[in-house]
Amino acid sequence: MGLLAFCILISGGLFFWRFGPILRTILRSKEDADFSLHPLGRRVWEFFWEVLCQAKVIEQRPAPGIAHAFVFWGFLAFALVSLNHFAAGLRLGFLPPESLVGRFYFDFAAVWAVLVAVSIASLFIRRFFVRPIWLGKKISYESGFISFLIFLLMVTYLGAFFATDGSVTVKALWWTHTLALLIFLPLIPHTKHLHLVLSPLTVFLKRDEFSKIPPLAGDEDFGLVSGKDVTQLIALQTYSCVECGRCTEHCPAATTGKVLNPKEIILGMRSYLNEFGADSDAPLLKEDAPTSHLSMEAAFQCTTCGSCEFQCPVGIQHLPIIVGLRRGATNTGQWEDTYGTKLFLALEKNGNALGLSAVERDKFIAKQGFPIFDGTQEYCLWLGCMGGYDPKGREIIADFARVMDFLGTTFGVLKKEKCTGDPARRLGNDLVFQTLAEHGLKALETAKVQKIVAICPHCVRTISNDWREYGIAPEIEHHSEFMARHKDRLPKQFEGGEIVYHDPCYLGRYRDVYEQPREIVALAGELVEAPRNHERSFCCGAGGGLAFLGEESGERVSHVRAKELADTGAQTVGTACPFCNTMFRDALSAVSEAPPQLYDIAQLTARALPPTKI
């Protein structure tokens with residue numbers, strides 16, 4: 001008994017000795033200015049669904065997900081057995097094997113022992129022999145050893161069922177089981193298995209919105225510049241990474257040969273904190289990636305598509321971290337990019353990302369005969385940069401206006417409208433974004449707008465979510481949502497052919513709008529799904545301001561997605577975002593000798609409308 005107590009103390013002491021510095025780093029990090037436990041009900045539900053039910057683990061990667069879930073549920077089942085194991089060794093056992101409850105529970109745990117043993121063996125084979133590329137090249141022998149310990153725990157538990165009570169075999173199995181537990185505990189803090197301790201808390205405490213960019217805390221906050229800017233949530237999330245590679249597998253930058261790997265961003269942040277701590281002035285980003293934990297080039301290759309954050313099974317929110325790094329580099333002048341500078345100047349001087357004069361927008365409005373919003377119309381039709389200045393975007397706006405007219409919906413456009421600030425926001429220029437957001441809010445308030453409809457998911461997201469730092473905008477919806485509500489009044493086309501629909505990132509993962517645009521596509525032809533669709537849709541490559549940053553390195557994201565769409569054999573590609581539309585224009589021709597036609601869902605709908613009377 002004395003030897004067991006001594007071993008328990010040593011094991012527990014080693015665990016806290018190794019875990020203590022990590023806990024201190026998290027607690028010493030800067031507090032998150034906007035953190036709130038509300039709404040508590042949502043947090044409790046997500047904890048139940050994502051942690052206890054392992055729903056995301058299973059849904060997004062079923063085979064290994066089921067195996068992982070069995071291991072997790074087995075650990076929960078074994079918690080009582082393990083506590084009783086040590087208690088019995090100290091002559092304080094509370095589950096006597098001869099009792100009805102004890103016998104039932106030990107048999108119940110035996111079933112889980114079999115499931116865990118099989119599952120951990122399969123996960124071991126997958127990680128060390130099959131080894132999918134997104135797991136990375138580095139092999140963690142500590143993880144392999146921990147897998148062996150888990151397997152040993154299950155085997156020794158099951159072995160005791162077949163040994164004679166009081167025999168040497170039973171004693172050997174008991175001590176082997178005990179030592180496996182005691183060795184396992186101190187190994188947790190410095191391996192990926194730290195997620196066993198931290199990830200339930202990470203899931204429960206994560207920010208209350210998908211890809212939420214937190215507000216800056218005062219005039220001295222420029223974003224993630226150094227260790228002093230790392231917040232408690234960021235530190236907690238970086239130490240929770242299980243290194244499963246799901247973010248890497250679905251990242252458009254990582255899968256097209258870019259420097260960016262979202263997993264390495266998180267692990268790089270962890271490495272920085274381990275080396276410098278949370279109170280360091282050492283810069284987080286450096287141009288020379290090999291000499292730093294975090295790469296400037298990688299941070300600015302993110303399309304902000306959200307695949308990494310959506311896929312993460314342990315609650316890590318990559319995008320606030322990546323955008324935070326961009327903020328730190330942009331707001332302090334550390335990031336120097338010719339295209340970025342040109343974009344910011346265009347937004348400041350001309351109020352649109354394309355850098356064109358507002359006169360061009362006025363000419364378009366006059367040519368189309370759009371009424372100016374005066375407060376009497378039901379909707380304010382938000383043109384956006386693409387709808388107001390891009391030739392193809394204007395075609396989408398014109399056709400959507402025809403749809404609104406057909407439905408008898410009154411609308412008007414703002415006399416003076418500037419960019420929502422989406423590209424500036426995602427590239428980290430808070431000053432330009434604030435200026436544009438405040439102008440937009442003032443323009444909507446002056447015009448007494450109550451409801452807005454827009455063709456651009458980026459505009460919808462920015463107005464409805466990002467502008468909240470400076471005021472509450474009127475209700476806004478995407479044109480796919482508007483048209484879906486009126487689908488029964490829209491004409492159906494019986495010979496529209498096959499149409500493959502591309503899910504825009506900012507409409508799907510960001511807004512959870514998947515079925516409404518499909519309902520509109522189904523009116524125009526036969527809906528065909530791309531291999532990657534709904535929440536797994538592959539990015540077009542335009543988000544995060546990248547549409548304005550010049551040529552990209554490696555394989556083009558737009559070409560990869562365009563080939564997927566063209567390979568479906570559909571005659572038409574349907575989009576619901578003007579940025580996706582512009583990215584696919586040249587891409588489809590580049591990847592296909594007979595490229596499909598490219599239309600926005602508003603254009604697909606408008607082609608069935610009766611001709612407009614002149």
Restricting to side chain to side chain donor-acceptor pair (under 3.5 Å), what partner residues turn up for Thr330, sequence neighbours left out? none
Applying side-chain contact (heavy atoms from CB on, under 4.5 Å), can you list everything that pairs with Phe124, at least two apart in sequence or on another chain? Phe128, Phe129, Ser147
Can you list everything that forms a side chain to side chain donor-acceptor pair (under 3.5 Å) with Arg561? Sequence neighbours excluded, please. His502, Ser537, Glu564
Please list, chain by chain and in numerical order, all residues satisfying salt bridge (charged side-chain N to carboxylate O under 4.0 Å, His left out) with Glu551, sequence neighbours excluded. Arg556
Could you pull out all residues at least two apart from Phe148 that satisfy side-chain contact (heavy atoms from CB on, under 4.5 Å)? Phe145, Leu152
Please name all residues satisfying ring pair (Phe, Tyr, Trp, His ring centres under 6.0 Å) with Trp49, sequence neighbours left out, ordered by chain then number. Trp45
Any cation-pi pair here, Arg518 with Tyr501, using under 6.0 Å and within 45°? no
A quick test of your reading: do over 12 heavy atoms of other residues, nucleotides or ligands sit less than 6.0 Å from CZ of Arg43? yes
Restricting to ring pair (Phe, Tyr, Trp, His ring centres under 6.0 Å), what partner residues turn up for Phe151, sequence neighbours left out? none
Does Lys228 make a cation-pi contact with Phe276 (under 6.0 Å, within 45 degrees of the axis)? no
Under the ring pair (Phe, Tyr, Trp, His ring centres under 6.0 Å) test, which residues partner Phe344, sequence neighbours left out? none
Qualifying residues under salt bridge (charged side-chain N to carboxylate O under 4.0 Å, His left out), relative to Arg585, sequence neighbours excluded: Asp390
Can you sort out the partners of Arg426 under salt bridge (charged side-chain N to carboxylate O under 4.0 Å, His left out), two or more places apart, ordered by chain and number? Asp422, Asp466
Residues in side-chain contact (heavy atoms from CB on, under 4.5 Å) with Ser199, at least two apart? His195, Val314
Give the ring-plane orientation class for His458 versus Tyr506, where under 30° counts as parallel, over 60° as perpendicular and anything between as tilted. parallel
Do Arg327 and Ile213 have side chains that approach each other closer than 4.5 Å (heavy atoms only, starting at C-beta)? yes
Which residues satisfy the side-chain contact (heavy atoms from CB on, under 4.5 Å) test with Asn274, sequence neighbours excluded? Tyr239, Arg270
